[in-house]
2 protein chains.
Amino acid sequence: MNSNRTGKATRADVAELAQVSTAVVSYVMNNGPKKVAPQTASRVRQAAESLNYHPNAYARALRKGSGSLLGIIVPDFRNPYFALLNEAIEKEAYGRGYSTMFLTAHSDPELERKSIEKMVDREVDAIFMAPCQKVEELERLKDYECSFVMLENNVQIPGFACISSDFCEGVRLAIDHLVWHGRTNLVMFYGEDNSRDESRIRVWYEKHEEHGLRRGRVYRSRYTHESAYRAATAMLDAGERPDGIFVVSDFEAGGVLRALHEHGIRVPEDTSLISFDGTYFGLETWPQLTSVRQDIPRIARGALEAALNPDAPGMQIIPVDMTIRESCGCHVA
Amino acid sequence: MNSNRTGKATRADVAELAQVSTAVVSYVMNNGPKKVAPQTASRVRQAAESLNYHPNAYARALRKGSGSLLGIIVPDFRNPYFALLNEAIEKEAYGRGYSTMFLTAHSDPELERKSIEKMVDREVDAIFMAPCQKVEELERLKDYECSFVMLENNVQIPGFACISSDFCEGVRLAIDHLVWHGRTNLVMFYGEDNSRDESRIRVWYEKHEEHGLRRGRVYRSRYTHESAYRAATAMLDAGERPDGIFVVSDFEAGGVLRALHEHGIRVPEDTSLISFDGTYFGLETWPQLTSVRQDIPRIARGALEAALNPDAPGMQIIPVDMTIRESCGCHVA
DNA sequence: TTGAAAGCGCTAACAG
DNA sequence: CTGTTAGCGCTTTCAA
């Protein structure tokens, strides 16, 4: 069937079969840049079909100087938010003719650097990441050929496109709802210490003042349910009994919920709990999570635009809203 | 700094700076295939360093005929088992100098075909997938240049390397444990109808006979927690009250658990529940899941070996074991 | 131990 | 509308 040895047809085989030059094959396969007579074109298409011809992606990428490849560095594949975001980015990317490649970094700066290196070596056109290194370190990224889009970052990093949900508004929404439920003794479970973006903490305290509340404590954990579980257990073991809790991600909320259950604290009767993300994960917990919802499709779209358009806005803040389920106390009979 | 226009150094720049030929640069970068004098080599390395030279992956792939790329088609990014498997495969692959690319197929045969197409267009060397199409359809895959490794498949598909946990043993382990807890009225929640592999159902009934039990019903759902939730709700609404439940994945167990909670059925007091997978997800549920654990690192390793060694065994069955947590009733005070 | 050069498969500028 | 051809950056054979 194929005329060359490897069993894989090249444009030359197609050209020969269709009795045209290789250029014409290229024009047909790419719909341009030159016009081709309809007859010729269909002859080429037929030949390509019959030889099961697929243009070699590496050759094309080499020639064009771009392989239409995007890299996404994911802190944790287990985190439901990233499961959804990955899928949304994948969908958005393929719609624009780009492929995606994912790598995990586990919120480890060293691993993150290695992941970037791997992706750059693969000649990705752009990298999406939720950076966990210092701003000074990020400076070095500017030496790379590829562009970067920083996710999960509410504060502009000079020189990089950034996109994230409106985290501060999320905190406001959560506190207001907790207060609306009559809760006054609040705590927040926040991610790892991250000197780059403490704006949520600022807003947390501002809101407390606004409502005339005693300043609720902020507990730190890494962005995993195990870590949040440990932090919550430590809090409860120390005797603290908040009546309203805000957790910075659905994934961590699972850990907090578990600690509460184990201490016999009923949710939402004894304490209201609101998380951030609004993913499917909140449907699986008991009780289901009331959550500040991130607009994941929009984040994916915005991220793609930022990566592909050099003149896209440097900082995109995406609105959030509330998904009311059970853990806040709204649906208790 | 760089002598060429794009700002990106090529082997020619390095060669010029190091005063050697481009061939020598190649020998040094790849540690072969020819020996290079230590002095010359270090001169080349220095030049490469100072120009921040990274070999172009597309050019290399084109020349070598392989880009060291592996594709993984994932039914669902949200499924905890795949979150873990993806990570394990990624790790295993990079350790061997391969990159990975993931695509979702949502257990949709059409999407699965498209995903394969995309990956083949990207020139992957091998594809890992848990196929959801008919065996006849899979025949066509043999036309592709790349090799395939079928995951989650307990029955050999002629002509393809297959790897999976010992599903049948998992069913045996689960039933034995349920019976050990004195449970006699069992049901199973199984994935979508899949004519290729019904061996677990056969074992399910065999085990019932062995224990002299009334044949427990098998409920079908898709491999998602929503779908399992619906199936379990329908069962409970119909008045069925099993005292022992086996669910074919952790992810689905979440849905079943939710339905039980909503119907006021206590786990494990009223019914024991055992799931399959043994992922972190079982730590997040309430109660925590007793589960048949899959050996994910070993599956990843086996899959890689199957993809890279043509003479690897055609069918690998990986042993499973039990992770005892709360949902079976073992830890009730 | 090093170098010259062919060629992987493709695109697109240029020429007809 | 179609064909010729240079060259993307790399590896490797062959020759020195």
Using atom [atom1] of [X] as one end and atom [atom2] of [N] as the other, report the distance to the nearest whole Å.
{"X": "A/Leu62", "N": "C/dA12", "atom1": "CG", "atom2": "P", "value": "13 Å"}
{"X": "B/Glu16", "N": "D/dG9", "atom1": "CD", "atom2": "C1'", "value": "16 Å"}
{"X": "B/Glu123", "N": "C/dC8", "atom1": "CD", "atom2": "P", "value": "15 Å"}
{"X": "B/Asn31", "N": "D/dC10", "atom1": "CG", "atom2": "P", "value": "16 Å"}
{"X": "A/Met29", "N": "C/dA12", "atom1": "CE", "atom2": "P", "value": "14 Å"}
{"X": "A/Asn30", "N": "C/dA13", "atom1": "CG", "atom2": "P", "value": "13 Å"}
{"X": "A/Asp121", "N": "D/dC10", "atom1": "CG", "atom2": "P", "value": "12 Å"}
{"X": "A/Arg60", "N": "D/dG9", "atom1": "CZ", "atom2": "P", "value": "18 Å"}

Could you check if a side-chain atom of [X] sits within less than 4.5 angstrom of a side-chain atom of [Y], using non-hydrogen atoms only?
{"X": "B/Phe160", "Y": "B/Pro158", "value": "no"}
{"X": "A/Lys118", "Y": "A/Arg122", "value": "no"}
{"X": "A/Ile299", "Y": "A/Ser165", "value": "yes"}
{"X": "B/Pro55", "Y": "B/Arg11", "value": "no"}

**Request:** Taking only Lys NZ, Arg NE, NH1 and NH2, and the carboxylate oxygens of Asp or Glu, determine whether A/Glu137 and A/Lys134 approach each other closer than 4.0 Å.
**Result:**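 Answer for the salt bridge query: no.
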**Message:** Please confirm whether the shortest side-chain N or O distance from B/Tyr58 to OP1 or OP2 of C/dT11 is below 4.0 Å.
**Reply:** no
**Prompt:** Is any side-chain nitrogen or oxygen of A/Asn56 closer than 4.0 Å to OP1 or OP2 of C/dC8?
**Reply:** no
**Item:** Donor-acceptor pair between B/Asp125 and B/Ser66 side chains, under 3.5 angstrom
**Value:** yes
Atom pairs under 3.5 Å: protein N/O with N/O of nucleotides 2-6 of chain C:
residue, atom, partner, partner atom, Å
C/dT2, OP1, B/Thr40, OG1, 2.3
C/dT2, OP2, B/Ala37, N, 2.7
C/dG3, OP2, B/Ser21, N, 2.7
C/dG3, OP2, B/Ser21, OG, 3.3
C/dG3, O6, B/Tyr27, OH, 2.9

